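As the structure is a computational prediction, the values presented were derived from the model and not from experiment.
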Amino acid sequence: EKIKNIFNQLEETYPNDWLLRLELYELAIHFNFSVKSSILKSLDKLKCNKCYKTLIENGLVLPQKY
């Protein structure tokens, strides 16, 4: 529930913060939180920004390696 609240605040207050979203997504995957799909959708939207695209894609690969 706390992760979901943090994610909601992030969406409202910091719509371009991709790094914290990546960290939240990693936690959501590790603990199988239901909010993981919402976080992934948000990250996919941010990938439209060329500056973030490679950073996000590389970050999404990392949780799968562990």
Side-chain angles (χ1 to χ4, degrees):
E1 191 62 36
K2 288 182 182 182
I3 297 290
K4 189 174 184 177
N5 290 337
I6 292 169
F7 174 65
N8 289 333
Q9 287 179 338
L10 188 61
E11 286 285 288
E12 291 175 19
T13 311
Y14 303 100
N16 295 319
D17 189 325
W18 59 273
L19 186 55
L20 185 52
R21 280 177 178 77
L22 249 150
E23 295 294 327
L24 290 176
Y25 185 66
E26 189 174 333
L27 285 172
I29 287 177
H30 183 74
F31 293 106
N32 198 27
F33 294 144
S34 61
V35 72
K36 66 185 172 190
S37 62
S38 298
I39 298 170
L40 185 58
K41 286 178 188 175
S42 179
L43 285 166
D44 283 338
K45 280 198 284 187
L46 286 173
K47 282 197 301 187
C48 292
N49 184 326
K50 292 177 186 177
C51 297
Y52 304 146
K53 183 177 168 102
T54 303
L55 297 168
I56 292 170
E57 288 175 348
N58 290 343
L60 289 172
V61 172
L62 292 176
Q64 297 172 7
K65 291 185 177 181
Y66 296 108

Quick check: closest heavy atoms across Lys36 and Asn32, and the distance to 0.1 Å? NZ-OD1, 2.5 Å
Show me the side-chain donor-acceptor pairs of residues 39-47 shorter than 3.5 Å, one per line, residues at least two apart or across chains.
from  : atom 1 : to    : atom 2 : distance (Å)
Ser42 : OG     : Glu11 : OE2    : 2.7
Ser42 : OG     : Arg21 : NE     : 2.7
Asp44 : OD1    : Lys47 : NZ     : 3.4

With rounding to the nearest 0.5 Å, note down the distance linking CD1 in Ile56 to CG in Asn49. 8.0 Å
Where Val35 and Ala28 come nearest, the two heavy atoms and their spacing: CG1-CB, 4.4 Å
Distance (rounded to the nearest 0.5 Å) between Ile6 CD1 and Leu20 CG: 7.5 Å
Sub-4.5 Å side-chain heavy-atom contact between Phe33 and Leu24: no
Give, for atom CG of Asn5 and atom CG of Leu10, the distance between the pair rounded to the nearest 0.5 Å. 12.0 Å
Could you go through Tyr25 and Leu60, starting from their C-alpha distance and side-chain angles, then the distance that decides it, and tell me whether this counts as side chain to side chain contact (heavy atoms under 4.5 Å, CB included)? CA-CA 9 Å; Tyr25 185 66; Leu60 289 172; 3.7 Å; yes
Spacing of Glu23 atom CD and Ile3 atom CD1 [to the nearest 0.5 Å]: 10.5 Å
What is the distance from atom CG of Asp17 to atom OH of Tyr52, rounded to the nearest 0.5 Å? 8.0 Å
